[in-house]
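Protein chains get the first letters and strands the later ones, always in sequence-line order, with residue 1 at the start of each.
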Amino acid sequence: MDLNKRYTPQTWPDHPETATLEGKNKFVGFWLLLAAETVTFASLFATYLALKDKGPSGMEFSASGLFELPLVFAMTMILLTSSLTSVYAMYHMKNHNFKAMQAWLGITVLLGLAFLGLEIYEFNHYVHLGFGYTNSAFSSAFYTLVGTHGAHVVFGLSWFIALMLRNAKRGLNMYNAPKFYLAALYWHFIDVVWVFIFTVVYLMGVIG
Amino acid sequence: MMKGPKKWRLFALMTALLVFLSGCGREEISTLIPAGKVAQDQFNLLILSSIVMLFVIVVVTIIYVLAIVKFRRSKVGEDMIPEQVEGSARLEFIWTAIPIVLLLILAVPTVYSTFDLADVTAMDAQNEDGVAENLTVNVTGKLYWWEFEYPEQEIRTAQELVVPTGERVYFNLIAADVKHSFWIPSVGGKLDVNPENVNTFYLEFDKESSELEEGVYFGKCAELCGPSHALMDFKVKTLNREDFDAWVAAMQEEQAAPTETLAQEGQEIFEQSCISCHAVNSAGAPTGFGPNLTTFGDRTTIAGFMEHDEETLKNWIADPQQYKPGNLMPAPEEINNGEPFSDQELDALAAYLMSLKVEE
Amino acid sequence: MSSNSQKKGFGATIWDYLTTVDHKKIAILYLISGGFFFLVGGVEAMMIRIQLMKAGNDFLSAGTYNEVLTMHGTTMIFLAAMPILLAFMNAVSPLQIGARDVAFPFLNSLGFWLFFFGGIFLNLSWFLGGAPDAGWTNYASLALASEGHGIDFYSLGLTISGFGTLIAGINFLVTIINMRAPGMTYMRMPLFTWTTFVASALILLAFPPLTVGIFFMVFDRLFGANFFDVTMGGNTIIWEHFFWIFGHPEVYILILPAFGIFSEIFAIFSRKRLFGYTALVFATILIGFYGFMVWAHHMFTVGLGPTANAVFALATMIIAVPTGIKIFNWLLTIWGGNISFTVPMIYAVAFIPSFVAGGVTGVMQAIAPLDYQLHDSYFIVAHFHYVIVGGVVLAILAGTHLYWPKMFGTMLSEKLGKWTFWFFFIGFHLTFFIQHFLGLMGMPRRVYTFGADQGWDLFNAISSAGALLMAIGILILLVNVVMTVMKGERVGNDPWGDGRTLEWAIPSPPPFYNFAQTPLVRGLDPYWIEKMEGNKEGMVYAEPLGDIHMPNGSFIPFVISLGMFIAAFGAMYHTDGHAWALPVLIGGLAITFGSMLVRSLKDDLGFHVTKEELIADNERIQREARALEGGKKGGLK
Amino acid sequence: MAHDTHDIHRSRAEFEFIKRKRATEMRGQLTSFAMMIFLTLIAFTLVAADFSNYLIVPIILLLAAVQVVLQLYNFMHMSNKGHGMMAFFMFSGIFVAFTIVLTMVTIVWW
């Protein structure tokens, strides 16, 4: 593979992410990883459901009294929007429009950071209420599930940022196009998980 | 090369003979000599499934032996290239269908028995006076010993379970620390003793244990629970209903003080050092952290697995860790003002403990 | 790099293996380290059998015995059986589908080093205050109560090596999906490749629950979480479920590649294509699928209730059907064939009755009410050793003999191989057959001692004697390996003479680029087809000779794994309040993530083997082959 | 591994066509996004409106499932050509995931 080969929108392949064998391998491998991630998160969800509201006798916290829906609503909207902006980025990637792609990715990263900020605020808030990680089986399961998602957000953001900085001067080529594509896939997956978190943890938590 | 296998075959034959000769194990503990309805049901399933499985093994063996005898290279020739057969739909169908039929034969009794053995609805049945119709025993698994509580009779004992024959006895199982598993092999399959929930099942005891060579059935912990998991044994005494009622009545009474001087001395030491963990009265509210010793003199073992004599008892009290590693009984130094028990004190304790009896 | 015939110094060879991304060399690394752990686990097994050879023995103390039994199980499953099977998958699968390497050579190396450091970490527990002692199942209540760091070694070590295995699984899946040679359709793949594929799929979906469960264990023990702490609302049954949701597929992760190896052997040494290939493939897939629906049969006595027990009992019984299909198809493969009793074939032939015996006792235990008696008794010990030793270990020994020439270019002695076989095989049945009866006679498993009054003495003594025979067999194998390496007699492409699949079409060991030209596959058993048609070229090729693109070696996988190894110590000793622990944790993670960053920021585009180099290399290979023909013929013909 | 792509030279018309096709696709993605937002709003409203749990829980789970389908098939292009194997593994993963969740809410008691 030649790194120096320059492409124009006219010579850019239809599916740059799978145009090389390396790209195709990465692409298939990454989807398989997502299947494994699905099982991972299912395990965390299952544990959360089994341990929901379980704690030592006299535990004062329960899901229905704890969660704050407006905050979660804002987080959901932010993350959903960031999923769309990364779709825009991929749209421009396929059109071989590097600048537009970087711009949309930049917006995605900003939205992701906003989400992360809110999540940190939320956790901090709960801890101040006295709902710490080691308080009960419920708190351990809650923080582990939502925190693992948060860790995925951190990793996704780092991935985006590294790719953007790394390739700022190089532009799009066949070597990095699959990487951008996979980072975007990862971001969508994070969104999918969040959809379940807000439904299963927060919405179903609030109604008790 | 051929000399080796011939010798081995002879050896294998002798092994098989030995297996045959040593029979089915001991009556007190073998699942092959069932002593109750539950074990009998399970034994019947064992026989049924063994027959079905033997049939499978025979079929496979016949095809297999024929194949490796008929088609060895020395027979069919060095250069023979066999026909490259793809497969056969009919054969595939046959060896899919026959196993399914065999499995169906096994499936029906499996499902029936699974539900039958889990049926504990009669546990809560009461007669008109509000007294439970069936005997229930609450079993608590603790690190390397078993506590048996009879909630209706308001008595409790440890290490030796006493039950009536010829009726269903229901069990509630829970662990006080880590997970254990409650198993009386000759009377019925095991059930786990979990720390977070009560498990329930029933057993039936057909035969009075006095007819056995050892006088008791052997019970086991079947789930790894720490260093002394292997020593977490208990014994089961089965009495006919009359004797059982008498035993219960004796247990419910206030136990008499010892009459012998040595035993009285022992009682004094016991009340200074041991009483905070070990109760010597069966009735009333639960007391103590260690096994209830009301029936100690009646037992067949010390600590569930050792000879029941004074010498062993003294050794055990002097250094419990040596005999049952990891158990929670303190060393004498911790309960006797930092001193080990003297020989005299041990004699006295042993005499006292051996005098604790409810049976004649 | 372009020629593997150059003589290298010792240091250069070590460096080469530390940095290699070549699937064939990684296979050798897996084989050596898996073999090493197999010996460690074997020594532990011998200690168990010595302790139990008579009633009331005091060879091991109670606590040590629990450590030994835990490490025996854990080592054999995670550090011996799986890696050795991964060795064969690495050595053979890419060749069987006509690929130049696996899809992710770098990750392949990373997977190995993660496994290796995880295994070393786990075994260091022996020297650092005590090994884990809660059984390989590590049930939560006992694991939380266990003192010292044993359980932490278990959790962190298995986390690290588990990541390695997951990576390996994904790698094989992608390789098989994307990199099959032209004409190699799914339904033309050799059965070993198929079983590699299905086993990798099981790894992909079964390891996450284990990882999550172990994470909970780590968090409970080291960071004060309460997943399994009953007093804080936790539930230990969650661990049991996660462990067995992983644990049951794990059994198939082990047994399916074993089936694959035996399928290859039956076909090769009967000179006959596999009978009912299609049925075998679908049986493999079905077994993989059922693997996820039956785990609770390990938990019949937990008290899940009769409905759950009945459902899982029935689901478990169904597995007997595809397994039976396989057995009968193998029988029909040798039926009408031309059977040559080489060492691999003897193992394969011995496997059938052994595995059938293990299989039928499995069905017996699927009968839930009967399992109440059998569970956690020596009956289950006998059963799973019949399956794992009678299936997996026999396959490993058979595969070692079968693929040794392909991996090393030399031939293990057939004579010594047969001695190994007889000692091992007889020892195996002697050890474990009798344990069925011990279980039925009321002996629970995992007991460090037993009283003389229970009637178990004789059978235990017999069992221990059998273990000794197995050990002798393995020692003979070691002698065999050493002698073969010392002698170093080279063999040609197809040393068994009846090879059917693509790996036998190229030199032993293959050049680092595998196939100078990608072969064209014209049916099932492609090499056999070409041989039968008298193709002098060896194969038909799908492309003209041209430059080959190959990946560069890299030291980064080693460093990434080392970083995690270091971090694990930090995490573990952090709870003891050592001041140095936190820096070590952070430092280790920094090494790991730093080297990952280096990897992603540095462009690594690999290199090209030119056409001229290929031609020169080919001439060398031809020359060596002629020399081999001229001298004594290697192998058996 | 010598499978590098061959150079592509498109005619002007072809290029314009592909561009237009992508723009249309992008409008489709916007519609999906609008639907996701809408579904989320419904879910939150249902909970805020405080209906019976037996009504709300199945509905919001269904809404979540629909959103996931939208993400997977539209944003992540799982419906496109060449995704067959990936879809198979995703569904296998979802099957295992479902089994695990079902287990933990049924047979890990109370």
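- No part of B/A97 comes within reach of chain C, as not one of its non-hydrogen atoms sits under 4.5 angstrom from that chain.
- Heavy-atom distances place the side chain of C/M532, and not its backbone, under 4.5 Å from chain B.
- Residue pairs meeting the ring pair (Phe, Tyr, Trp, His ring centres under 6.0 Å) criterion with at least one partner in residues 49-94 of chain B, sequence neighbours excluded, are B/F71-C/W335.
- For chain C, the nearby part of B/P325 is the side chain; its heavy atoms alone come within less than 4.5 Å.
- Taking both residues in full, the closest heavy atoms of C/Q51 and C/D58 are given as OE1-C, 3.9 Å, listed atom of the first, atom of the second, then distance.
- If you tally non-hydrogen atom pairs under 4.5 Å between each of B/E223, B/K324, B/E86 and chain C, the highest count goes to B/E86.
- Contacts of C/V356 with chain B are made by side-chain atoms alone, with heavy-atom separations under 4.5 Å and no backbone atom involved.
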Exercise. Decide salt bridge (Lys or Arg N to Asp or Glu O under 4.0 Å) for B/D116 and B/K37; before the verdict, give the C-alpha distance in whole Å, the side-chain angles of both, and the deciding distance to 0.1 Å.
Key: CA-CA 11 Å; B/D116 183 40; B/K37 182 232 175 215; 2.8 Å; yes
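- For a residue to count as touching a neighbouring chain, one of its non-hydrogen atoms must lie under 4.5 Å from one of that chain's; by this rule C/T307 touches chain B with backbone and side chain alike.
- Looking at B/K190, both its backbone and its side chain come within 4.5 Å of chain C, counting heavy atoms on both sides.
- For a residue to count as touching a neighbouring chain, one of its non-hydrogen atoms must lie under 4.5 Å from one of that chain's; by this rule C/F275 touches chain B with backbone and side chain alike.
- Between C/W456 and C/F450, the two ring planes are tilted [angle within 30° to 60°].
- C/Y65 does not touch chain B: none of its heavy atoms, backbone or side chain, sits under 4.5 Å away.
- In this structure, the portion of B/E92 lying under 4.5 Å from any heavy atom of chain C is its side chain and not its backbone.
- Interface remark: C/I325 contributes backbone and side-chain atoms alike to the contact with chain B (heavy atom separation under 4.5 Å).
- Ring geometry, B/W95 versus C/F328: the interplanar angle falls under 30°, so the pair is classed parallel (tilted spans 30 to 60°).
- If you measure heavy-atom distances from B/K70 to chain C, the contacts under 4.5 Å come from the side chain alone.
- Only the side chain of B/F218 comes within less than 4.5 Å of a heavy atom of chain C; its backbone N, CA, C and O stay farther away.
- In this structure, chain C has heavy atoms under 4.5 Å from both the backbone and the side chain of B/A67.
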Sequence neighbours left out, cut at 3.5 Å: what donor-acceptor pairs do the side chains of residues 98-106 of chain B make with other protein atoms?
none

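- Contact of C/A368 with chain B is made through backbone and side chain together, with heavy-atom distances under 4.5 Å.
- For B/V193, no part sits under 4.5 Å from any heavy atom of chain C, backbone or side chain.
- In this structure, chain B has no heavy atom under 4.5 Å from any part of C/L144.
- For C/V230, the part sitting under 4.5 Å from any heavy atom of chain B is the side chain, from C-beta outward, and nothing else.
- Proximity to chain C (any heavy atom under 4.5 Å) is shown, for B/T200, by neither the backbone nor the side chain.
- Residue contact with chain C, scored on non-hydrogen atoms closer than 4.5 Å, involves the side chain of B/L91 exclusively.
- Looking at C/L142, the atoms closer than 4.5 Å to chain B (heavy atoms on both sides) sit in the backbone and in the side chain alike.
- Remark: B/E307 CD is loosely packed, at most 12 non-hydrogen atoms of other residues, nucleotides or ligands lying under 6.0 Å away.
- In this structure, C/H436 has its ring center closer than 6.0 angstrom to the ring center of C/F433.
- Side-chain N/O atoms of C/T70 and C/D133 include no donor and acceptor closer than 3.5 Å.
- Ring geometry for C/F425 against C/F421 counts as parallel: the plane angle stays under 30°, on a 0 to 90° scale with 60° as the upper cut.
- Counting heavy-atom neighbours within 6.0 Å of C/F282 CZ, excluding the residue itself, gives a total of 12 or less.
- Closest heavy-atom contact between B/T114 and B/T110: OG1-O, 2.5 Å.
- Only the side chain of B/V76 comes within contact range of chain C, with at least one heavy atom under 4.5 Å from a heavy atom of that chain.
- Aromatic ring pairs are classed by plane angle as parallel below 30°, tilted from 30° to 60° and perpendicular above 60°; the pair B/F234 and B/F182 is parallel.
- Heavy-atom distances place no part of B/E213 under 4.5 Å from chain C, backbone and side chain included.
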Quiz prompt | Audit row: C/W330, C/F351, ring pair (Phe, Tyr, Trp, His ring centres under 6.0 Å) steps and yes/no | solution = CA-CA 11 Å; C/W330 287 323; C/F351 151 79; 5.5 Å; yes
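- Contacts of C/A267 with chain B are absent, with no heavy-atom separation under 4.5 Å from either backbone or side chain.
- With a 4.5 Å cut-off on non-hydrogen atoms, B/L231 touches chain C through its side chain but not through its backbone.
- Residue B/T61: no heavy atom, backbone or side chain, is found under 4.5 Å from chain C.
- The greatest number of non-hydrogen atom pairs below 4.5 Å with chain C, out of B/G77, B/C221, B/P185, is found for B/P185.
- Counting only N and O atoms by type, the side chains of C/D525 and C/Y277 include no donor and acceptor under 3.5 Å apart.
- Contact of C/N66 with chain B is made through the side chain alone, with heavy-atom distances under 4.5 Å.
- Classification of B/K235 and B/E214 as a salt-bridged pair fails, no side-chain N sitting under 4.0 Å from a carboxylate O.
- Both the backbone and the side chain of C/I367 have a heavy atom closer than 4.5 Å to some heavy atom of chain B.
- The shortest heavy-atom contact between B/K142 and B/A176 is CG-CB, 3.8 Å.
- Residue contact with chain B, scored on non-hydrogen atoms closer than 4.5 Å, involves the side chain of C/E240 exclusively.
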